[in-house]
Amino acid sequence: ELLACGHLVTAIDILESQIKDQPESFDLWLKLGEAHGVYCRNLQSAAKIIGRIEANPAFTQEQIQLAKSKLREWRRNGQV
């Protein structure tokens, strides 16, 4: 909701805080990547977040593939 309303810094701060409490939450990590890639249009930061998902042994191959797919989607949409 904060992201949709343009409160990007607040939303990112909240997501990062939640990730500290729940580092195994794939949904939070993916939402943080989306915040950077889609809302902030910072694909480099989004790629770093997806890289952290890849390196985290808590996440399955399916989750990693989904995250990579989302990054590709964000990159395609960012080029339009």
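The minimum heavy-atom distance linking Leu30 with Trp74 is given by the pair O-CH2, 3.9 Å. When all heavy atoms are compared, the tightest approach of Glu24 to Phe59 is O-CE2, 3.3 Å. Between Gly33 and Ala46, the shortest heavy-atom contact is O-CB, 3.5 Å. A pairwise comparison of heavy atoms in Ile53 and Ile64 identifies O-CG1, 4.1 Å as the closest pair. Residues Leu43 and Gly37 share a closest heavy-atom pair of CD2-O, 3.7 Å. Of all heavy-atom pairs between Cys40 and Leu8, the closest is SG-CD1, 3.9 Å.
Annotation: the span from Gln22 atom CD to Asp27 atom CG amounts to 10.0 Å, rounded to 0.5 Å. Between the CD1 atom in Ile12 and the OG atom in Ser17 there is a gap of 13.5 Å [rounded to 0.5 Å]. Once rounded to the nearest 0.5 Å, the distance linking OG of Ser69 with CD1 of Ile50 reads 10.0 Å. His36 contributes atom NE2, which lies 4.0 Å from atom CD1 of Ile49 (distance to the nearest 0.5 angstrom). In this structure, NE2 in His7 is found 13.5 Å from CG in Asp13, a value given to the nearest 0.5 Å.
With contacts defined as side-chain heavy-atom distances shorter than 4.5 Å, the pair Leu32/Ile19 qualifies. With contacts defined as side-chain heavy-atom distances shorter than 4.5 Å, the pair Leu66/Glu62 does not qualify. Between Asn56 and Arg52 there is no side-chain heavy-atom pair separated by less than 4.5 Å.
Formation of a donor-acceptor pair under 3.5 Å by the Gln63 side chain with backbone atoms of Thr60 is found in this model.
Qualifying salt bridge (Lys or Arg N to Asp or Glu O under 4.0 Å) partners for Lys31, counting only residues two or more places apart in sequence or in other chains: Glu34. Remark: Glu54 pairs with Lys68 by the side-chain hydrogen bond (donor to acceptor under 3.5 Å, both in side chains) rule, at least two apart or across chains. Under the side chain to side chain contact (heavy atoms under 4.5 Å, CB included) criterion, Ala47 pairs with Leu71, Arg75, sequence neighbours left out.
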